[in-house]
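Accompanying notes for the structure given below.
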Amino acid sequence: MAGKLMAKTAYLSKFILRLDRIRIPIWIIALTFFTLIVPMSFVDLYGSQQEREAMAQTMANPAMTAMTGPADLANYTLGVMTAHQMLLITAAVVGLMSILLVTRHTRAAEEDGRLEMIRSLPTGRLSYLNSVLIVISGACAGLALLNGFGLYALGIESMDLEGSLLYGAALGATGLFFAGVTAVFGQLSDSSRGTVGYSIAFLLIAYLFRAVTDVSNEALSWISPLAWVTKAQVYDTNNWWPVLLMVFVSVVLYGVANYLNVIRDLDRGFLPSKPGKRYASRFLQSPIGLALRLQRTGVISWAVGMLVLGASYGAVLGDLESFFSSNETMKQLLKPAEGVTLVEQFIPMLMIVISLLATVPPVMAVNKLRAEEKKEQIVHLLSRNVSRNKLLGSYLLISIGNGFVMLMLAALGLWSAGTAVVDGGLSFQMIFGAALSYYPAMLVMISIAVLLIGCLPNLTGFIWLYVLYSFLVLYLGGLFQFSDWVGNLSPFGHVPQIPIEDYSFMALAGLSLFAVLLTIAGFIGFNKRDIKL
């Protein structure tokens with residue numbers, strides 16, 4: 001009986017691996033790259049024990065504990081520093097990777113009808129689900145080994161083999177855990193949006209619960225699976241038990257997902273769907289209303305995240321004066337200016353990070369149109385009294401408004417928390433002016449996404465490489481001494497760094513005009529091309 005349920009699992013694993021032959025390597029390479037580049041930069045930034053102790057003092061506050069977790073600040077070696085500042089955040093991204101990949105091949109495959117076609121072939125009822133879990137487990141194992149041996153190969157004294165392997169294992173185990181969580185929600189929910197929503201909500205709740213309990217009651221933080229990552233104490237005591245616990249729970253979740261999959265009907269979930277209204281509102285009957293309704297959960301989640309991000313950055317501004325004054329290397333990241341405090345010099349660096357992260361949700365919002373096109377959903381809209389301009393314009397307006405809201409919420413969080421910890425507070429006008437100065441650059445990114453949708457729909461994913469490039473050259477440009485032209489290849493490189501530089505109307509107007517031209521080209525291309533998969 002078990003053999004019949006699992007028939008052709010190996011063949012389906014090869015099929016899924018074939019479908020994700022580009023997507024999975026990109027995830028693994030990107031995560032490994034960020035894992036390896038950080039300790040390499042730390043070697044230059046914190047070469048002496050005095051500089052590391054100064055950084056430990058900066059991290060010794062409740063806000064940073066809530067954001068990165070606890071650590072042995074009395075033994076703040078380069079290894080401990082890397083694990084403290086990077087492991088938890090990277091693990092959360094690995095969890096997101098598993099959520100997206102598992103949803104794509106489980107509930108989303110059911111919605112698209114792919115699973116029904118596969119089940120019509122001589123395959124087992126559990127074959128497809130387990131082939132998905134096998135591929136994701138293999139990706140997590142590869143990520144663990146690549147990061148573990150990669151960190152050890154850096155040859156940093158405090159980053160030994162056991163600690164490096166534990167670092168990689170913690171990332172891999174997190175991927176396994178959230179693959180199991182998503183597989184279970186894929187059986188409970190009856191839609192891919194619900195699966196992603198429930199899974200990401202679980203990830204956020206786990207992170208926030210850990211943040212609160214790490215500050216108030218560390219014993220209770222054991223309830224959160226993300227706390228198990230920090231309790232491994234990588235490069236310190238190297239505690240393997242939390243990682244093994246996470247692997248064990250992952251196996252249990254895999255079993256639960258298999259059981260639920262056996263007893264449920266295809267295209268059905270165990271959680272009851274909320275009945276909709278008998279008649280849709282006039283707003284919902286419009287393209288922009290429908291698009292906004294479909295993206296509502298994601299917009300709210302990102303809005304909360306950006307507000308928390310801004311507040312997290314603002315909470316550490318009070319310790320900057322003492323830290324930067326003793327670290328010459330970190331000063332290279334700042335642009336010196338007369339009559340400006342170190343905190344104000346640090347604002348442009350924060351704004352680069354905030355604005356680039358705030359660019360992600362609006363670009364995702366406009367790219368939803370391409371996702372709907374792949375699912376053959378927009379043909380139903382275009383067959384009615386809806387023009388292509390109106391359809392693309394609806395997604396564009398949502399994206400433009402989305403980006404503005406994200407920037408403002410992040411600026412509000414930064415100003416509110418920073419005012420509470422910085423002597424004399426922060427200027428409301430300065431913070432929000434600095435944030436708004438990056439809005440035209442964000443519009444350029446959105447317009448590039450529109451251009452790709454209109455003219456090169458199969459290459460819409462390349463906008464994310466451009467966002468990543470902008471982050472690397474602008475955030476790390478001061479440290480690696482990149483030439484000015486490297487940063488100017490990004491629209492964010494043309495933004496005046498307020499309050500260090502004066503507000504430049506011409507630069508921002510030029511970016512806005514460029515965004516308008518690219519958007520027009522995208523609309524022209526969208527009207528002329530065929531609707532295709």
Side-chain angles (χ1 to χ4, degrees), residues 28-61 64-94 140-175 210 214 218 221 226-247 316 319 323 326-330 333 475-476 479-480:
I28 294 177
I29 292 171
L31 288 166
T32 304
F33 173 78
F34 280 110
T35 298
L36 299 183
I37 196 174
V38 169
M40 293 171 61
S41 63
F42 280 175
V43 171
D44 296 326
L45 288 172
Y46 313 102
S48 67
Q49 185 60 35
Q50 181 182 3
E51 291 173 336
R52 290 193 290 272
E53 290 175 355
M55 186 60 186
Q57 293 176 5
T58 302
M59 303 297 290
N61 65 74
M64 294 309 300
T65 300
M67 194 161 70
T68 62
D72 185 5
L73 300 180
N75 181 36
Y76 215 54
T77 62
L78 285 172
V80 173
M81 181 186 299
T82 300
H84 183 211
Q85 299 188 25
M86 288 299 300
L87 181 55
L88 179 62
I89 302 300
T90 309
V93 177
V94 172
C140 293
L143 178 70
L145 293 173
L146 194 59
N147 280 267
F149 285 109
L151 287 169
Y152 179 67
L154 296 178
I156 299 175
E157 182 179 358
S158 58
M159 301 174 69
D160 58 1
L161 179 60
E162 182 184 6
S164 299
L165 292 177
L166 180 57
Y167 192 110
L171 295 180
T174 305
R210 178 217 53 81
D214 274 345
E218 194 171 342
S221 67
L226 285 180
W228 303 347
V229 175
T230 61
K231 293 184 185 302
Q233 297 179 330
V234 179
Y235 295 123
D236 189 11
T237 60
N238 289 330
N239 184 9
W240 284 85
W241 286 109
V243 174
L244 295 176
L245 174 63
M246 187 173 286
V247 173
V316 301
D319 299 322
F323 173 62
S326 61
N327 193 316
E328 293 298 327
T329 308
M330 283 296 291
L333 295 172
Y475 181 63
L476 300 176
L479 179 62
F480 294 109

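Positions are given from 1 along the sequence.
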Quiz prompt | side-chain contact (heavy atoms from CB on, under 4.5 Å) evaluation trace for Thr77 with Met159 | solution = CA-CA 9 Å; Thr77 62; Met159 301 174 69; over 6 Å; no
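- Pro39 approaches Leu151 most closely through the heavy-atom pair CG-CD2, 3.9 Å.
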Self-check item: Worked verdict on Lys231 versus Arg210 for side-chain contact (heavy atoms from CB on, under 4.5 Å)
Solution: CA-CA 11 Å; Lys231 293 184 185 302; Arg210 178 217 53 81; over 6 Å; no
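- Of the N and O atoms on the side chains of Ser164 and Tyr235, at least one donor lies less than 3.5 Å from an acceptor on the other residue.
- With rounding to the nearest 0.5 Å, the separation of CG in Leu154 from OH in Tyr152 is 11.5 Å.
- The backbone N or O of Val234 sits nowhere less than 3.5 Å from a side-chain atom of Asn238 that would complete a donor-acceptor pair.
- Summarising the geometry, atom CD1 belonging to Ile29 is positioned 11.5 Å from atom CZ belonging to Phe33; distances are rounded to the nearest 0.5 Å.
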Practice problem: Could you walk me through whether Thr90 and Leu31 pass the side-chain contact (heavy atoms from CB on, under 4.5 Å) test, one step at a time? | Solution: CA-CA 7 Å; Thr90 309; Leu31 288 166; 4.2 Å; yes
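- A pairwise comparison of heavy atoms in Asp214 and Gly69 identifies OD2-CA, 3.8 Å as the closest pair.
- Distance check: Asp72 CG to Asp236 CG gives 4.5 Å after rounding to the nearest 0.5 Å.
- Closest non-hydrogen pair, Ser158 versus Gly79, comes out as OG-N, 3.0 Å.
- The OG1 atom of Thr32 sits 12.5 Å away from the CD1 atom of Ile37 when rounded to the nearest 0.5 Å.
- For the pair Val80 and Asn75, the tightest heavy-atom approach, listed with the atom from each and the gap, is CG2-O, 3.5 Å.
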Quiz item: Is there a side-chain contact (heavy atoms from CB on, under 4.5 Å) between Trp228 and Val243 once you walk through the steps?
Solution: CA-CA 7 Å; Trp228 303 347; Val243 174; over 6 Å; no
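- Here the side chain of Thr230 pairs a donor or acceptor atom with the backbone of Ala227 at under 3.5 angstrom.
- Atom CG in Leu171 sits 5.5 Å away from atom CG in Asn147 (nearest 0.5 Å).
- Other residues, nucleotides and ligands contribute over 12 non-hydrogen atoms within 6.0 Å of the CZ atom of Phe34.
- Of all heavy-atom pairs between Tyr76 and His84, the closest is OH-ND1, 2.9 Å.
- Residues Ala232 and Leu166 approach most closely at O-CD2, 3.6 Å, considering heavy atoms.
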